[in-house]
Amino acid sequence: MKDKSPLLEMRNISKDFFGNSVLKDVSFKLEKGEILGLVGENGAGKTTLMKILFGMTVIRDTGGYSGEIFLEGKPVSYKTPFEALDDGIGMVHQEFSLLPGFTAAENILLNRESTKNNFMTELFGDRMKNLDRKDMRKRALKAIGKVGVQLHEDMLISDMPVGHKQFTEIARELEKDNIKLLVLDEPTAVLAESEAEILLKSMKKLSSEGISIIFISHRLREIINITDKILILRDGRIIQEKPTSSTNISEIAEAMVGRELEVSKREDVRVFDRTFLSVSRLWVNMPGETVRDVSFDVNEGEIFGIGGLAGQGKLGIPNGIMGLFPGGGEIILDGKKIGLNSPRIALDSGMAFVSEDRRDVGLLLDEPLDWNISFTAMQVQNKFLKPIFGNLIKWRDEKAIQNAAKGFIDALEIKCTGYSQKAQELSGGNQQKICLAKAFIVEPRVLFVSEPTRGIDVGAKKIVLDTLIKNNREKGTTIIMISSELEELRSVCDRIAIVDEGKIAGILPATRPAADFGLLMLGTAPVSGGAE
Amino acid sequence: MKYLDRIVEKTGWPRLIIGLFLFSLFIAAPFAQVKIGTSLSDTLIRFGMNGIMVLALVPMIHSGCGLNFGLPLGIIAGLLGATITIELGATGAASLFIAILAATPFALVFGWGYGNLLNRVKGNEMMIATYVGFSSVAFMCMMWLLLPYSSPTMVWGYEGVGLRTTISVEGFYLHALSNFLAVRIGTFFLPTGMLLFMGFVCFLVWAFLHTKTGTAMTAVGSNPVFARASGVNIDRMRTISVILSTWLGAVGIIVYQQSFGFIQLYMGPFYMAFPAVAAILIGGASVNKASIMNVLIGAFLFQGILTMTPSVMNSIIQMDMSEVIRIIVSNGMILYALTRVKKGAH
Amino acid sequence: MSNFAITGNVRIRRILIRAAFILFMLILAVFLFFGGKAHTLLLDNKTIEKEGKIYRELNVVEVRIGSGKEEELLKKDRVKIDVSGQRQVITVTFPGDDGNEKIIKKTFHLKAGVPMYLISIPAFIAGADGWIEPFEPSN
Amino acid sequence: MLKNDKDNVIKFLETNLVPILFVIIIAFALPLSGFSVRYLFNEIIVRLVRNLFLVLALLLPIMAGMGLNFGMVLGAMAGEIGLIFITDWNITGLHGMFLAMILSIPLSILLGWMCGKILNRAKGREMVTSYILGFFMNGVYQLVVLYGMGSVIPIASDSIVLSRGYGIRNAVNLTGIRQSLDKLLPLKIGTTLIPVATFALIAVLCVFIIWFRRTKLGQDMRAIGQDMAVAEASGIDVARTRIISIIISTVLAGFGMVIYLQNIGTMNTYNSHEQVGMFSIAALLVGGASVNRAKIGNAILGVVLFHLMFVISPMAGKNLIGQAQLGEYFRVFVSYGVISISLVLYAIRKQRDKARAGIALADAQEVRD
């Protein structure tokens, strides 16, 4: 082993998904025993970078990457994650990958169990070996010892508190005796403060034993406390690479979210006088986007933005209000209390929702466009129906549906072969326009738009945003827009609320500098002089 | 070649093979001294007999409940309607409609309960439907023995209690539909009335699918999350579809009986769901998508094979393999549908 | 996975062991086939003529095949016995010329392809060659 | 802790609902049937000998999360084909029985492999798929046995071939091997004959199952049964392991079928396997097993309870209403009903577990309010 070469070096890594560039020329080095903090907004390229390192199949399926990776000076390029694991690179994902009915020891040694030979192995192969429970226990205890926590090796995962599950995952990686590099993706997100402390301590211990760590987190305080070096990614580029000792939280925050060019800085600050929608103490059980305690007011005619990092709960807010996920709290629209947990009630009260999940929630992929556009209006408002026999039978009015669809296809420049094309055959941008049409056709008083530009090309993006603004200005629709893209929010919205850990971290006018929002997102520093 | 590939992909190999097989049977028929006229009218008669039971699968597929292996439940409702009609002493062609009318309340109640059950077991509908069908048939076996029927045409002669296994509908509604406007040319017989009635019921279902409720039902099957987000009560739609399906099953068996001539009780309805399911799949339906066209094509193809194979095969190779072919074709088709990887599903 | 890498030596050993196992199963099957093959033996106590010689029937004779039941055959008796396996032992007990009981015990082999054999007891006692012959039921 | 106790009782009732129901039915019907204890004991022994091996063959796929293996009828068919051959060749006794088992092995492996392949294409719908597969293969079986045997596949024996010259008769007499295993080591207790050898073979299977759970392969199956995605991510070849579990189950079902039929002594060529599939699954469920959890104890208890019901219900029906027919229908109804109830309970439980996380969150929120 050459001591001179760093443990890991990634050189000029670039990656694009079908022409959409997500990583551009990323290079960095990681020394033995070093802890690297990897920070960046969602979509900055952190995940893609790690996927490339691990040789996830999705990378190869989408055309591979360019650039080189060196592990201890040797060039490597993994075809599957298992090859990376064989080389001593381990990763702990944000979602637990544990078997609830197995003990900690069984999980730690999953598919690496200690075995003993018996006569059947000669006949039916190695998988007929007996498990060596004693040795497994020993090895598990050793791995748990490395993490430096109290963890009972015979405890079932299903009986464990969430922190212990996290430790089990880490112990599983450490059990591999050749482990050199550990990637931890948001490991503290699910931990209580005391548990996070323990984890950070054990990370220090590991690094002192010569194991390098890549630590992905949005908790900047933790990053500052523990890392040796911080790498900030934004839009697929390295924005800043500095030793931790020479930077600070606000610098990082600015680097993460700031743009050199303020794309379209809003000049006009609109003033509103009437509270239209009032949300208080909302909680929503949306897996991965849990909302814990959210209160905010939206004015009539306003475009209200909700931002925040992924998994913090911003998506849970519209989904909860619209009744798609169970929740509780109080919603008052135009002075009237609106019941939760029923999409019908929400729709009847004049609210509409363009979901972030186009394929599952937003569209009938197997059905034609005119159905997609008209369905909600037909079911909720009895539009596009012809009564037969008095009002006994409500017959679908195909003509009206088709005409309405044609109107929207023209107005929103939807590229398709006609209203009878199936929704799944359209591109992402055009699908999004169908979703908007579906919402506009019910003429909502309040429109929730969730991640309206996710996964669509630049041209479609502009049309979508312009359409929203136009609708707001001309029809006076109150719009609540939820987006991961801060710049997008700042260019469209009047005020922006930032959600962190299921709560509103703060609400600021869109004209405030980007760094202020960045700090709110990271949940670290309170904004000084926050004026509302 | 590319064009051919597309056709194959669109129709699917099994369907293509079955279609070609039937086609070759019709080609081979004259050489095997099988009269085309008789074969064709047999096919049409069986098509009309079974068509509505195939149609009964459509609502549940539309609402995403999958293939209704629980069809025997609807058939039982029909059997109750039929036996009650005879018990009441209604005779003649009108008794057919009385039977349908009498079956309706049972179909509604059974369908409602069955629908509610299926709503509680989303994702496992098909397996549970199969066994609900089986258990209800077995349960009714006991009931046919116990229920206080007394009409001498139906009750076992020597004991005076319990219904016979097969009951003739002669004098009641035998051929009530089939003979209506029937056309006879030599050996060819066209059961016009039955086909018209089947067309009428198909029209009703088609019309229903064009109403607000029908549209909502289709959306529930296509994407339940979407439908829910659009304010549709998914469970209610599913229940309605199950009720409709059960009712159509009841009507289907009564129409079947008027042509077949007998009411088959006890284990009679046991395996009746499978041919219907196979037929609709052969017609081009999938586990979550079906149209009236699928019903018509499928019922014709499947019944065509059932009528043609024994006669043609018998005279060509002197082996009656029709039963085996029926089993392999129908279950092979269901198997094929179940193992098709659904695109865009998660 | 790496911990299951099989080295060349082990691989060859396993192939051999598996081949041996399959061979063993085949041999076992063959053994079971021949060992379990059922034959019908007809024990016949009638006067017959073979190659010009006449073998007279006995008044009474006891015959036992293997460890089966002892069959007592009177004059002109024919008894049907089902046996399995190719190797069989026949034990015949009969009154000798001197009045004493005589026992003759003999091992014989049956062919797998022949379902039925006719055993002529008089010929057997006389030690004639053709005492056992394949038998074709005439119906 | 009072609430906890109550919860436990409810949980116990819930997981054991089916066996409890059965005990109640039997307790009700037993005196009505008027059978003597000795007779019933005798019957139970016979039923255990006949069915237990078959029921145990279902355990492995359940462990691997593939649900109730309705595809076990494939193994039963393989066993039957083995028996047809040994009957034709006139191989008798234990020799014949074991030869039939050996003959069934390659066939079972082939069918099991095919079944596993198909089930891997229908993940999440394994049960209904394997069920239909059973029907489908029944057609193929008929094609082979009813048309192929005697015409393409040489069958010499007139006693098992239909008079038309090809095809196997509806009933095949297995006198040659009848109870050859059961009578190998007979043990008489009172008037009851206990077939020690058969029980020994069943015990060997039980030991094998217990031992198998402790092997690497068994551990992998358990892992897959809990979470396929996690198992896959840890490098376990999920598809292959699932196929292996089905193959083992099919081979065991083949053996079980041979044991079952050597006890009965005649083979119902075209119906035996279908019945065996349903009765085995029903018996296992009656023993308190569910779609995702089954133990050896469930199998034993299930066979006892299910067949006890089976034996007594016609008689009870006759004595109660004067119609034996009613009792016969009753037991058919119960067989299907049990499977229905178990499937429904399992589906409901699964959905409730899913909802539980949400309830916990709601609780946490409401308390704070």
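Numbers restart at 1 for each chain; the letters A, B, ... are given by sequence-line order, proteins then strands.
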- Using only heavy-atom distances, determine whether the side chains of B/Ser222 and A/Glu367 contain a donor-acceptor pair under 3.5 Å. yes

- Message: I'd like to know which of A/Val361, A/Asp397, A/Ile393, A/Leu364 tops the heavy-atom pair count under 4.5 Å against chain B.
- Response: A/Leu364

Hey, what do you get for [atom1] ([X]) to [atom2] ([Y]), rounding to the nearest 0.5 Å?
X: B/Lys212; Y: A/Asn382; atom1: NZ; atom2: CG; value: 3.5 Å
X: B/Asn223; Y: A/Leu363; atom1: CG; atom2: CG; value: 8.5 Å
X: B/Thr215; Y: A/Leu385; atom1: OG1; atom2: CG; value: 7.5 Å

Sort [X] into side chain, backbone, both or neither according to what part of it lies under 4.5 angstrom from a heavy atom of chain B.
X: A/Met322; value: neither
X: A/Ile345; value: neither
X: A/Lys386; value: neither
X: A/Leu347; value: side chain
X: A/Asn372; value: both
X: A/Phe353; value: neither

- With respect to chain A, which residue among B/Gly214, B/Ala229, B/Pro224, B/Ala227 yields the maximal number of heavy-atom pairs within a distance under 4.5 Å? B/Ala229

- Query: What's the verdict on side-chain contact (heavy atoms from CB on, under 4.5 Å) for B/Thr218 and A/Trp371, showing C-alpha distance, side-chain angles and the deciding distance?
  - Reply: CA-CA 11 Å; B/Thr218 308; A/Trp371 270 56; 3.9 Å; yes

- Item | Side chain to side chain, A/Phe375 and B/Val232, heavy atoms closer than 4.5 Å | yes

- Task: Test A/Arg344 against B/Asn233 for side-chain contact (heavy atoms from CB on, under 4.5 Å), laying out the working first.
- Result: CA-CA 8 Å; A/Arg344 187 58 193 255; B/Asn233 184 339; over 6 Å; no

- Is the number of heavy atoms from other residues, nucleotides or ligands within 6.0 Å of CZ (A/Phe96) greater than 12? yes

- Item | More than 12 heavy atoms of other groups within 6.0 Å of A/Arg445 CZ | yes

- Give me the ring orientation class for B/His210 and A/Trp395: parallel if the planes are under 30° apart, tilted from 30 to 60°, perpendicular past 60°. parallel

- Query: Hey, does the side chain of B/Arg228 reach the backbone of A/Pro343 with a donor-acceptor pair shorter than 3.5 angstrom?
  - Reply: no

